[in-house]
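Remarks on the structure that follows.
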Amino acid sequence: MFCVLIAAGPAVKAQEGFFTPEEVIKYTPEWKGERFPDGRPKVPDGILDRMKNVTLEEAWATLRSANFNHEYEDGWFVIHPDRVLVGRALTAMWMPGRPDIQKVIEEDQKGKRKGAMNAWPVDMLQPRDVYVADHFGLKVDGPSIGDNVGNAIYARSGNGIVYDGAVRDINGLNELPNFDSFVRSYDPSHHFGSLATGARLNSTMVSINGPVRIGHALAMPGDVVLGRNGGVLFIPPQLAERVVKDSERTRLRDTFGHQRLNEKKYTAGQIDTRWTPEIEQDYRAWLKQNEDHLPVARQQIEEILKESPPPNQ
């Protein structure tokens with residue numbers, strides 16, 4: 001996005017170097033559903049609800065099969081590690097502070113945005129968003145999120161963050177019950193992100209709602225964020241429904257297989273391979289018999305029962 005910052009074209013001038021809705025749409029062409037006014041794909045709430053039951057392994061397998069191989073990152077300091085983070089990404093990118101670029105951005109945004117740079121993306125958050133920011137892992141004098149900004153994020157989104165940098169005021173952030181967040185570290189200092197800080201300027205925000213690198217992953221605005229068990233996956237919006245459906249099928253088949261193994265009805269060799277037509281028939285009868293008592297909603301089970309069983313090969 002830095003190239004957009006220095007471009008002079010009229011198409012980007014209106015947004016002062018940050019991605020316009022038209023640019024967000026351009027870079028997310030495979031999403032055909034509803035969008036936010038800022039152009040981000042708006043994956044339905046129902047898919048987000050179902051995503052909370054998806055494991056990282058299940059989602060990873062679906063993404064890999066669709067040739068999305070660089071969407072996972074771990075090594076986080078996790079706030080509320082026993083919970084699952086799910087939401088729609090709103091992205092921001094910081095770079096090491098540079099006063100000439102900082103001056104251009106501050107002058108362009110004067111009167112158009114409120115407060116300091118670290119508040120700009122926060123003001124854009126919608127319910128169930130996840131603020132996803134690349135702050136290049138900056139720790140000492142790096143935290144741009146403390147309990148004040150954290151409370152603002154939480155008030156707007158009801159959700160947490162994926163932040164490739166350090167946070168401060170960790171005690172205050174821990175008090176937010178659903179601020180399920182993945183950050184790099186904690187540090188009691190704070191960042192210097194304005195011209196007013198003079199020579200201490202150490203970071204400049206150069207992009208909102210553009211592609212961001214989070215460790216080894218590339219995240220896009222509107223991606224579905226799945227954070228759990230110490231890792232984060234960024235799921236392209238066009239694959240979100242497929243991920244939850246694949247997960248639900250896997251969950252049901254595993255539940256059936258484990259039950260039949262415990263009953264000693266089938267051997268491990270029979271279950272841990274492509275099922276015979278007889279096992280498939282048993283499975284479908286089991287689904288129908290237990291559809292109100294399984295870890296997948298009845299509606300989704302009915303959809304599975306309407307599908308043809310996989311071919312026996």
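Note: hydrogens, waters and symmetry copies are ignored here, and every other heavy atom, side chains too, is used.
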Note: [X]-[Y] ion pair, threshold 4.0 Å (strictly below):
X: R253; Y: E280; value: yes
X: R98; Y: D100; value: yes
X: D282; Y: K265; value: yes
X: D292; Y: R298; value: yes
X: K288; Y: E302; value: yes
X: E22; Y: K26; value: no

Donor-acceptor list for residues 166-173 side chains, cut-off 3.5 Å, not counting sequence neighbours:
from : atom 1 : to   : atom 2 : distance (Å)
R168 : NE     : P188 : O      : 3.4
R168 : NE     : S189 : O      : 2.8
R168 : NH2    : P188 : O      : 3.1
D169 : OD2    : D147 : N      : 3.1

**OP:** Would you sort out whether R88 and D45 count as a salt bridge (Lys or Arg N to Asp or Glu O under 4.0 Å), showing the intermediate values?
**Re:** CA-CA 10 Å; R88 310 174 186 95; D45 286 349; 2.5 Å; yes

Subject >> F256 and Y266 aromatic ring geometry - parallel, tilted or perpendicular at 30°/60° bounds >> reply: tilted

Original post:
Parallel, tilted or perpendicular: which fits the ring planes of F192 and H190, with parallel below 30° and perpendicular above 60°?
Top reply: tilted

Subject >> Heavy-atom pair of closest approach, residues G142 and H191 >> reply: O-CB, 3.2 Å

Subject >> Heavy-atom closest contact (Q270 atom, T273 atom, distance) >> reply: O-CG2, 3.5 Å

Under 3.5 Å, side-chain donor or acceptor atoms of residues 124-131 against the rest of the protein: list the pairs with distances, not counting sequence neighbours.
from : atom 1 : to   : atom 2 : distance (Å)
Q126 : NE2    : M124 : O      : 3.4
R128 : NH1    : D49  : OD1    : 3.0
R128 : NH2    : D49  : OD1    : 2.8
D129 : OD1    : R40  : NH1    : 3.1
D129 : OD2    : R40  : NH1    : 3.4
D129 : OD2    : R40  : NH2    : 2.8
D129 : OD2    : Q126 : N      : 2.7

Subject >> Any donor-acceptor N/O pair, W31 side chain to G33 backbone, under 3.5 Å >> reply: yes

Subject >> Expected output: side-chain N118 to main-chain S144 donor-acceptor under 3.5 Å >> reply: yes

Would you say that [X] contacts [Y] through its side chain, given a criterion of any heavy-atom pair below 4.5 Å between the two side chains?
X: P236; Y: M220; result: no
X: I214; Y: V232; result: no
X: T91; Y: F19; result: no
X: S203; Y: W94; result: yes
X: L90; Y: P121; result: yes
X: L56; Y: L226; result: yes
X: I47; Y: V224; result: no
X: M51; Y: V243; result: yes

Any side-chain donor-acceptor pair under 3.5 Å between [X] and [Y]?
X: R35; Y: T28; result: yes
X: N209; Y: D38; result: yes
X: S181; Y: H80; result: no
X: Q102; Y: T204; result: yes
X: R251; Y: S247; result: yes
X: W60; Y: E71; result: no

Original post:
For R64, which residues count as a side-chain hydrogen bond (donor to acceptor under 3.5 Å, both in side chains) partner, sequence neighbours excluded?
Top reply: N69

**OP:** Mind checking side-chain hydrogen bond (donor to acceptor under 3.5 Å, both in side chains) for E307 and listing every partner two or more places apart, or none if nothing turns up?
**Re:** R249

Subject >> Rounded distance (nearest 0.5 Å) linking atom CD of E57 with atom OG1 of T62 >> reply: 12.0 Å

Original post:
Looking at Y163 versus H135, is the centre-to-centre ring distance below 6.0 Å?
Top reply: yes

Original post:
Partners of R50 by salt bridge (charged side-chain N to carboxylate O under 4.0 Å, His left out), sequence neighbours excluded?
Top reply: E248

**OP:** Would you indicate whether K52, at its atom NZ, is surrounded by more than 12 heavy atoms from other residues, nucleotides or ligands within a distance under 6.0 Å?
**Re:** yes

Subject >> All pairs passing salt bridge (Lys or Arg N to Asp or Glu O under 4.0 Å) where residues 181-196 contributes a residue, at least two apart >> reply: E73-R184, D164-R184

